[in-house]
Amino acid sequence: MYKVASVITMVCLLISSEAYSQTGEQDISQAASDPTASLSAYLLQNFYTSRYHGAGGVDGNKVQFRIAKPYTLGDTSNIFRLTLPYVTDNPENETGLLDATVFNLTTFNRHWGRFGVGAVALLPTGSDELTTDRWALGPAAGFVAQSHWGIWGLFNQNLVDIDGDASRDSINLSVVQPIVNVSLVDNWSVGTSDMSVTYDWDCGKFVSLPLGVQVNKLIHVAGAPVQLGLSYEYNFYDEGISPESVIGLTGKLLVP
């Protein structure tokens with residue numbers, strides 16, 4: 001964990017040369033937890049799985065890099081996001097890249113907050129042992145409402161199988177992420193983790209049922225705002241070999 005924290009700090013220092021200024025009505029500490037916020041964000045995350053359902057005595061770890069970039073197209077505001085996960089350990093002792101996920105969201109501001117619609121895609125960029133070898137594409141939508149105490153909302157992504165290795169299982173998933181973040185004093189906040197409730201349409205059941213909490217602190221590194229987060233998730237889905245307890249560490253450089 002200490003090595004991961006050092007890497008996060010180095011990444012923040014390297015990217016912090018990009019100019020930033022706080023604009024808009026949304027407080028930056030709230031915007032940091034809002035996937036529809038119009039600000040650039042560079043994330044480095046580490047997820048340590050201390051226990052697995054169906055596999056006692058083993059653990060696992062995943063490192064994930066994510067970049068979110070806002071842009072305008074005509075009169076519309078958009079957000080592009082790329083997620084690249086890398087497995088450093090799992091119950092099968094495999095390491096390597098997982099498949100990349102990209103999405104593009106067109107956002108619309110309202111007096112109560114913001115909503116967005118767009119598309120999400122799964123790209124088979126993972127290593128031989130870890131890739132799904134399938135391409136998937138589908139709609140994405142979400143909203144975030146602002147309140148005096150923080151933000152709340154919901155984000156949904158849907159992946160529909162379109163092509164790939166015929167010998168591999170198809171990908172047809174719906175993912176729902178609840179968003180709650182309560183602002184506290186001194187730039188602290190607490191809310192839901194990045195928990196993703198996942199329904200597999202081919203299996204006809206939920207294949208991930210996590211419940212998690214995250215504590216955040218907004219600081220400044222080399223003059224740039226950085227949100228640090230510590231999370232814990234428990235996954236109630238216990239069929240096969242699946243993560244049970246997951247501890248997450250996140251460093252997020254914000255560029256409004």
Check your understanding: Counting only N and O atoms by type, is there a donor-acceptor contact under 3.5 Å from the side chain of K62 to the main-chain atoms of P85?
Key -> no
Review point. Just by distance, with hydrogens left out, do N78 and T76 show a side-chain donor and acceptor under 3.5 Å apart?
Key: yes
Point to revise | Side-chain touch T131/L98, heavy atoms, less than 4.5 angstrom | key: no
Exercise for review: Ignoring hydrogens and angles, tell me if any N or O in the side chain of S77 forms a donor-acceptor pair with the backbone of T72 under 3.5 Å.
Suggested key: no
Exercise for review: Indicate the atoms forming the closest heavy-atom contact of V175 with S196, along with that distance.
Suggested key: CG1-CB, 3.5 Å
Check your understanding: Are any non-hydrogen side-chain atoms of F206 and Y237 less than 4.5 angstrom apart?
Key -> no
Exercise for review: Treating Ile, Leu, Val, Met, Phe, Trp and Tyr as nodes and any side-chain heavy-atom pair under 4.5 angstrom as an edge, say whether L82 and L137 lie in one connected cluster.
Suggested key: yes
Check your understanding: Which atom names give the shortest non-hydrogen contact between L159 and L122, and what distance separates them?
Key -> CD2-N, 3.8 Å
Check your understanding: How are the rings of Y199 and W201 set relative to one another: parallel (under 30°), tilted (30 to 60°) or perpendicular (over 60°)?
Key -> perpendicular
Review point. So do the side chains of L154 and V176 get within less than 4.5 Å of each other, counting heavy atoms only?
Key: yes
Review point. Would you say the side chains of N172 and D202 form a donor-acceptor pair under 3.5 Å?
Key: yes
Review point. Roughly how far, to the nearest 0.5 Å, is the NZ atom of K252 from the OG atom of S33?
Key: 5.5 Å
Check your understanding: Out of curiosity, I179 CD1 to I151 CD1, how far, rounded to the nearest 0.5 Å?
Key -> 6.5 Å
Point to revise | Nearest-0.5 Å distance, OG1 of residue T125 to CG of residue L84 | key: 6.5 Å
Review point. Can you list the residues that meet the salt bridge (Lys or Arg N to Asp or Glu O under 4.0 Å) rule with K217, with sequence neighbours excluded?
Key: none
**Study point:** side-chain contact (heavy atoms from CB on, under 4.5 Å) between I241 and H53, intermediate numbers included
**Key:** CA-CA 5 Å; I241 299 177; H53 293 294; over 6 Å; no
**Study point:** For R66, salt bridge (Lys or Arg N to Asp or Glu O under 4.0 Å) partners two or more places apart
**Key:** none
Exercise for review: Run the numbers on N61 and T49 for side-chain contact (heavy atoms from CB on, under 4.5 Å), then give the verdict.
Suggested key: CA-CA 6 Å; N61 198 79; T49 302; over 6 Å; no
**Study point:** Polar side-chain atom of N235 near backbone of E244 as donor-acceptor pair, under 3.5 Å
**Key:** no
Check your understanding: Side chain of R81, backbone of N104: donor and acceptor closer than 3.5 Å?
Key -> no
Review point. Can you find a heavy atom in the side chain of T101 that is under 4.5 Å from one in the side chain of L123?
Key: no
Practice item. Take N216 and N181 through the test side-chain contact (heavy atoms from CB on, under 4.5 Å) and record every step on the way to the result. Key: CA-CA 9 Å; N216 304 303; N181 193 68; 3.5 Å; yes
Check your understanding: Under a 4.5 Å cut-off applied to non-hydrogen side-chain atoms, are I79 and T107 in contact?
Key -> yes
Exercise for review: Evaluate the criterion side-chain contact (heavy atoms from CB on, under 4.5 Å) for residue pair F47 and Q64; output intermediate values, then yes/no.
Suggested key: CA-CA 8 Å; F47 297 105; Q64 183 167 278; 4.0 Å; yes
Exercise for review: Find out whether W112 and Q146 are in side-chain contact, i.e. whether some heavy atom of one side chain is under 4.5 Å from a heavy atom of the other.
Suggested key: no
Review point. Would you say the side chain of P124 lies within less than 4.5 Å of the side chain of W135, judging by non-hydrogen atoms?
Key: yes
Point to revise | Distance in Å, R134 CZ paired with D161 CG, rounded so as to fall on 0.5 Å steps | key: 4.0 Å
Review point. For residues D194 and Q214, is any side-chain donor paired with an opposing acceptor at under 3.5 Å?
Key: no
Review point. What about V215 and L228, same hydrophobic cluster or not, with Ile/Leu/Val/Met/Phe/Trp/Tyr joined at side-chain heavy-atom distances under 4.5 Å?
Key: no
Exercise for review: Check whether F65 and V255 end up in the same hydrophobic cluster, where Ile, Leu, Val, Met, Phe, Trp and Tyr are linked by side-chain heavy atoms less than 4.5 Å apart.
Suggested key: yes
Point to revise | Residue D169 excluded, over 12 heavy atoms near CG under 6.0 Å | key: no
Study note, to complete from the structure: Here the gap from L254 atom CG to L43 atom CG, rounded to the nearest 0.5 Å, amounts to 8.0 Å
Check your understanding: If two hydrophobic side chains count as joined below 4.5 Å and joins carry through other members, does L209 share a cluster with I247?
Key -> yes
Check your understanding: Under 3.5 Å, is there a donor-acceptor pair between the N158 and S174 side chains?
Key -> yes
Exercise for review: Measure the spacing between CG of L230 and OG of S193 and express it to the nearest 0.5 Å.
Suggested key: 11.0 Å
**Study point:** F143 and its ring pair (Phe, Tyr, Trp, His ring centres under 6.0 Å) partner, picked from F115, F108, W152
**Key:** W152
Review point. Counting distance only, does the side-chain N/O of T192 pair as donor-acceptor with the main-chain N or O of P178 below 3.5 Å?
Key: yes
Point to revise | S183 and W149: side chain donor to acceptor below 3.5 Å | key: no
Point to revise | Check: F103 ring centroid to F155 ring centroid under 6.0 Å | key: yes
**Study point:** Aromatic ring proximity, centroids under 6.0 angstrom, F236 and Y234
**Key:** yes
**Study point:** Under 3.5 Å: donor-acceptor pair, side chain of N90, backbone of E92
**Key:** yes
Practice item. Treating Ile, Leu, Val, Met, Phe, Trp and Tyr as nodes and any side-chain heavy-atom pair under 4.5 angstrom as an edge, say whether I67 and F80 lie in one connected cluster. Key: yes
**Study point:** Side-chain donor-acceptor contact under 3.5 Å, T250 with Q45
**Key:** yes
Check your understanding: Which heavy atom of G212 sits nearest a heavy atom of E233, and at what distance?
Key -> CA-CG, 3.8 Å
Review point. Does T106 use its side chain to pair, donor to acceptor, with the backbone of G118 at less than 3.5 Å?
Key: no
Review point. Can T36 and R114 be counted as having a side-chain donor-acceptor contact under 3.5 angstrom?
Key: yes
Check your understanding: Are T132 and D99 linked by a side-chain donor-acceptor pair shorter than 3.5 Å?
Key -> yes
Review point. Regarding Y232 and S245, is there a side-chain donor-to-acceptor distance under 3.5 Å anywhere?
Key: yes
Check your understanding: Residues two or more places apart in sequence or in another chain: which of them pass salt bridge (Lys or Arg N to Asp or Glu O under 4.0 Å) with D133?
Key -> R168
Point to revise | Heavy-atom side-chain proximity of V117 to P139 below 4.5 angstrom | key: no
